[in-house]
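Reading through the structure tokens given below for one structure.
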Protein chains: 2
Amino acid sequence: MPENGVGRGENLLFLTDEQLRKGIEAMFFAYRGFTADPDRILAQYNYGRAHHRALHFINRSHGTTVNNLLSVLGVTKQSLNRVLRTLIEDGLVESRVGRRDRRERHLYLTEAGRALEAELSEAQQARMRAAYRAAGPQAVAGFRQVLEAMMEDDIRRQYLQLRDGKP
Amino acid sequence: MPENGVGRGENLLFLTDEQLRKGIEAMFFAYRGFTADPDRILAQYNYGRAHHRALHFINRSHGTTVNNLLSVLGVTKQSLNRVLRTLIEDGLVESRVGRRDRRERHLYLTEAGRALEAELSEAQQARMRAAYRAAGPQAVAGFRQVLEAMMEDDIRRQYLQLRDGKP
DNA sequence: ATTTTATGTCAGCGTTGTTGACATTCCAAG
DNA sequence: CTTGGAATGTCAACAACGCTGACATAAAAT
């Protein structure tokens, strides 16, 4: 007999087209909420989402190279370069020539960069925290499971590597 | 005593900054997977995500007005108009002047429009179905709970109205 | 010495957001 | 009935940020 109403019987009602459609729409609307608060802050600084993403992952992995960042963000170097240039010009990011390999540029947040990253992060985390708290730990575990299953294979590998610490 | 290992004790470890960061990154990477398959199809037709969204919601609510669609999609009428124009020119969408209020345009998918919408939907649903199946019904329930809690309030109202049937 | 790799620049294009200006239609106040 | 405002949708132009392609530079690898 099913535990929690969804035991080993697995009636598969959660896989109907109707359920999938609801999930798809939820994903669409939720992503808007996910980016809404940072977007409002970014607009004040005349930056966009691309700047936020760059700041986030540079903060996440201090000293990462441009190439690393490219593969994480999944954009072309030309596209990232435009964003990085403005961040460097504005003194939020520092680009240092590599010591071992002087072709590489290692990226670091400046004090100002850390400040903006923190402001953006806090806004995004506040919403996430509220959502987590409202849904509860069980729901959060399921949330993460489904998201991870939804990623493309190579992206998931990157994500898990990032998630579990940087070697 | 806790049931499922996370009972009323609620140790709140799921609310640490570290956990929130993982959720944020999971959301970012998963959204890329979420749109990847439709994006590949759209590219073949020289369309973009905005076309997909329009097709989806017109299919969802046959005869909806432009204004309705605007509020669901959360873009300006000018932005939507550009997309709609190409879809109408290409014979995927039909726009009929309102009978009661002739300022309104009611939108319908043509046979070709339904075909493309189905192709896109099936690709997106296939990934979603795989993710749901891999994660299981409990996880899916949690996934939806967190997503709904993450939406902005007015958007959530729209979503729930859509979700539970169109009056 | 030559080739490959990593980075960056410049030029240009497409999608999809944005505002501003404007036409049409409806409705309500006078 | 007329007029003025609100609602709706269209057209034009601009910005952010993806993309490709061509090319320069510098260092590493062979």
Side-chain angles (χ1 to χ4, degrees), chain A residues 28 31-32 35-36 38-58 63-90 93-107, chain B residues 28 31-32 35-36 38-58 63-90 93-108 120:
Chain A
F28 169 63
Y31 200 78
R32 293 235 302 265
T35 57
D39 282 354
R40 278 186 277 269
I41 295 168
L42 290 159
Q44 295 169 9
Y45 294 86
N46 276 307
Y47 289 141
R49 260 177 226 179
H51 299 86
H52 181 191
R53 294 196 282 262
L55 290 173
H56 174 95
F57 284 108
I58 294 172
T64 187
T65 64
V66 173
N67 231 22
N68 261 333
L69 206 49
L70 286 182
S71 75
V72 171
L73 294 174
V75 299
T76 60
K77 61 182 177 178
Q78 294 91 332
S79 189
L80 175 59
N81 190 257
R82 194 194 299 127
V83 169
L84 276 183
R85 200 182 333 135
T86 69
L87 290 174
I88 291 168
E89 279 169 8
D90 295 352
V93 168
E94 192 187 347
S95 165
R96 297 187 204 147
V97 171
R99 289 166 49 89
R100 278 190 41 199
D101 184 338
R102 296 185 37 188
R103 292 168 301 182
E104 296 181 342
R105 301 292 181 276
H106 296 268
L107 303 168
Chain B
F28 169 62
Y31 200 78
R32 293 236 302 264
T35 57
D39 281 354
R40 279 187 276 268
I41 295 168
L42 288 160
Q44 295 169 8
Y45 293 88
N46 277 306
Y47 288 140
R49 262 179 223 179
H51 298 87
H52 182 193
R53 294 198 281 262
L55 290 173
H56 175 96
F57 284 107
I58 294 172
T64 187
T65 63
V66 173
N67 230 23
N68 261 332
L69 205 50
L70 286 184
S71 74
V72 170
L73 294 174
V75 297
T76 59
K77 61 185 177 175
Q78 294 90 330
S79 187
L80 175 58
N81 189 257
R82 194 195 301 121
V83 169
L84 278 182
R85 200 184 331 139
T86 69
L87 290 174
I88 291 168
E89 278 168 9
D90 296 351
V93 168
E94 191 186 348
S95 165
R96 297 185 205 150
V97 172
R99 291 166 48 89
R100 278 189 41 199
D101 185 337
R102 296 185 35 193
R103 289 169 305 182
E104 296 179 341
R105 301 289 183 277
H106 296 270
L107 302 169
Y108 301 87
L120 294 166

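Note that the structure is predicted; figures quoted are calculated from it, not measured. Residue numbers begin at 1 in each chain, while the letters A, B, ... track the order of the sequences.
Whole-Å rounding puts the Leu69(A) CG to dG8(C) C1' distance at 15 Å. Arg105(B) has its CZ atom 11 Å from the C1' atom of dA23(C), to the nearest Å. Per the geometry, CG belonging to Leu84(B) stands 15 Å off P belonging to dT15(C), to the nearest Å. The CG atom of Leu42(A) sits 17 Å away from the P atom of dG17(C) (whole-angstrom rounding). One can place CG of Leu70(A) at 11 Å from C1' of dG8(C), the figure rounded to the nearest angstrom. Across the protein-nucleic acid pair, Leu87(B) atom CG and dT15(C) atom C1' stand 13 Å apart, rounded to whole Å.
Distance CD/Glu94(B) to CG/Leu87(B): 13.5 Å, rounded to 0.5 Å. One finds the CZ atom of Phe28(B) at 5.5 Å from the CG atom of Leu73(A) (value rounded to the nearest 0.5 Å). Distance check: Asn46(A) CG to Asp90(A) CG gives 9.5 Å after rounding to the nearest 0.5 Å. Distance check: His52(A) NE2 to Tyr45(A) OH gives 12.5 Å after rounding to the nearest 0.5 Å. Arg49(A) contributes atom CZ, which lies 4.5 Å from atom CG of Asp39(A) (distance to the nearest 0.5 angstrom).
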Quiz item: Tell me, for nucleotides 15-24 of chain D in 5' to 3' order, what letter each nucleotide earns: B for a base near a protein heavy atom under 4.0 Å, S for only sugar-phosphate near one, - for neither?
Solution: --BBBBB---
Exercise. Starting at the 5' end of nucleotides 24-29 of chain C, put B wherever the base has a protein heavy atom under 4.0 Å, S where only the sugar-phosphate does, and a dash everywhere else.
Key: -BS---
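Evaluation of the side-chain contact (heavy atoms from CB on, under 4.5 Å) rule for Asn68(B) yields Thr64(B), Thr65(B) as partners, not counting sequence neighbours.
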Exercise. May I have the step-by-step check of side chain to side chain contact (heavy atoms under 4.5 Å, CB included) for Leu55(A) and Tyr47(A), ending in yes or no?
Key: CA-CA 11 Å; Leu55(A) 290 173; Tyr47(A) 289 141; 5.7 Å; no
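Applying the side chain to side chain donor-acceptor pair (under 3.5 Å) rule to pairs touching residues 97-106 of chain B yields Asp101(B)-Arg103(B), sequence neighbours excluded. Residue pairs that meet the side chain to side chain donor-acceptor pair (under 3.5 Å) test with at least one member in residues 77-89 of chain A, sequence neighbours left out, are His51(A)-Thr86(A).
Cation-pi check for Arg53(B) over Phe57(B) is not met; the charged atom does not lie both under 6.0 angstrom from the ring centroid and within 45 degrees of its normal.
Side-chain nitrogen and oxygen atoms of Asn81(B) include none within less than 4.0 Å of the OP1 or OP2 phosphate oxygen of dG9(D). Listed pair Asn67(B) / dA7(D) fails the phosphate criterion, with no side-chain N or O lying under 4.0 Å from OP1 or OP2.
Fit an axis to the five pairs at each end of the helix from dA1(C)-dT30(D) to dG30(C)-dC1(D) and the two axes sit 10° apart, to the nearest 10 degrees.
Side-chain contact between Leu84(A) and Ile58(A) is present, with heavy atoms from C-beta onward closer than 4.5 Å.
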